[in-house]
Amino acid sequence: MIPFSPPRIENEIIEEVIDSLKSGWITTGPKTKLFEREITAYVNTKKTICLNSGTAGIELALAWYGIGPGDEVIVPAYTYTATANAVVHTGATPVMCDAGDDFNIDVSKIEKLITSRTKVIIPVDVAGLPCDYDELNALIRKKSVLKKFTPGNDLQSQLGRIMILADAAHSIGSEYKGEKSAAFSDGAVFSFHAVKNLTTAEGGALTFNLPKQFDHDELYAQLSTKSLHGQTKDALAKVKKGGWRYDVIEPGYKYNMTDILASIGLVELRRYEKDTLIQRRRIFSKYNEMLKKYDWALTPNLETNNKKGNAHLYLLRINGIEESQRNDIITEIYNQDVVVNVHYQPLPILSYYKRSGYNIDNYPNAFRLYKNEISLPIYYDLTDENVETIVQALVNAYEKVVKKNHVEEAV
Ligand SMILES: Cc1ncc(COP(=O)(O)O)c(C=O)c1O
């Protein structure tokens, strides 16, 4: 069986985790703080806080910006549910936008969704290919859009415009105009979930790159408090002599990362640019190379003019098939012991969002992308032989399903 995305757990990671376990310090501590500094340096932003999930990162950023009932947050219809769920948790309304042909939010369709209630846009770098950040940044600074912006608190007045909070769950390491793409938003959230290309088993980080009127050290202190019950001291500060007394200044969340998780992340980050990324991009390109001879294979881009993906997912689309044929092809691939996936079922087709009034007919491009999409395995240890086996399984499945249909049509 070729799995979809197993983690790469080697001795280096095991030893670093053991080191944490033996150190006597297993919750948030020195390794988490080091991991935060290393992420900031790697993606070239101003400050990073590590958390126990990417979802926590989106929720924390929205809570910090004071998002709540009555507010609207623009999210893509084509994403994992965490992006929109986080908005629902605040009491605000997710306003969905259709996808463009690259799976990412179609920036040209955002403006007509903006109202005086719009406070945040959450673009998602689907599969690790960055969104159109220049266009997004130009849009939120457009005179007519600025005029609509109605701040609901001091922070929103201080920013003076819609915030761009990138859901960069897939895209640590991705580049936009030659720089890491996280630096092109006000805040970006990474996920280090087990299937992510840089993992800590579960985990995430929120990194900020706000304009200069914001003091990022102060921001970090606020977020640390907010992510730990609103307590003015974290565990590390409390164990210091005389450190028992703390205050609670707000009913904060419980989102902190542990040093055990950070120890995995430190090893992952150390080998990421020079090893992980090279290997993932190589596999991605091998798929593209092998599939280019099939006219039914709509292969994804690893790079465009100003974007360079990190090959987080390989989102293949099959030309000319319907949803049911895609599903049959997936079954046929499974029958050959290869695990594939679909990224994503657009949110409006999922029960909760359907029930809440979202209608897939309003997101035609998202459905068009979804109905013939199949995600092929991509992970560090996938060999060239594996890639050949997967492509052969796909070709067999396509021929079986599509040929069968042709025969049935002829009869
Ligand atoms: C696009 C997207 N956003 C957010 C998340 C949430 O990340 P986490 O699972 O770390 O909470 C994920 C995770 O799968 C994701 O794919």
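Just so you know, residue 1 is the first one in the sequence shown, and it goes up from there. Only heavy atoms go into these numbers, but all of them, side chains included; no hydrogens, no water, no symmetry mates. Indexing begins at 1, ligand by ligand and atom by atom, following the structure's order.
- Heavy-atom proximity to S53, at under 4.0 Å, picks out these atoms of ligand 1: 10 (O), 11 (O).
- Heavy atoms of A169 found under 4.0 angstrom from ligand 1 belong exclusively to the side chain.
- In this structure, a donor-acceptor pair under 3.5 Å is absent between the side chains of N305 and K307.
- Within ligand 1, counting atoms from 1 as listed, the ones closer than 4.0 Å to a heavy atom of T79 are 1 (C).
- With a 4.5 Å cut-off on side-chain heavy atoms, L146 and I140 do not count as touching.
- With a 6.0 Å cutoff to the six-membered ring centre and a 45° limit on the axis angle, R326 counts as a cation-pi contact of Y370.
- Shown in contact with G203 at under 4.0 Å from a heavy atom are these atoms of ligand 1, numbered in order with element: 10 (O).
- Atom 14 (O) of ligand 1 has K196 NZ, 2.6 Å as its closest protein atom, hydrogens excluded (heavy atom only).
- Residue-level proximity to ligand 1 for Y344 is carried by the side chain, the only part with a heavy atom below 4.0 angstrom.
- Considering D167, V75, V124, T55 only, the shortest heavy-atom separation from atom 3 (N) of ligand 1 involves D167.
- For the 3.5 Å distance criterion, the side chains of E373 and Y344 fail to qualify, holding no donor opposite an acceptor.
- The distance from ligand 1 to the heavy atoms of A82 drops below 4.0 Å at these ligand atoms: 4 (C), 5 (C), 6 (C).
- Nearest non-hydrogen protein atom to atom 16 (O) of ligand 1 is H170 NE2, 2.9 Å.
- Between D102 and N301, the side chains place no donor N or O within less than 3.5 Å of an acceptor N or O (distance only, hydrogens not considered).
- Relative ring orientation between Y358 and Y353 is described as perpendicular, the plane-to-plane angle rising above 60° on a 0-90° scale split at 30° and 60°.
- Within the cation-pi definition used here (under 6.0 Å to the ring centroid, within 45° of the axis), R8 qualifies as a partner of Y380.
- Not a single heavy atom of E202 sits closer than 4.0 Å to an atom of ligand 1.
- Both tests hold for K47 against Y220: distance to the six-membered ring centre under 6.0 Å, angle to the ring axis within 45°.
- In terms of protein heavy-atom proximity, atom 12 (C) of ligand 1 is nearest to Y80 CD2, 3.6 Å.
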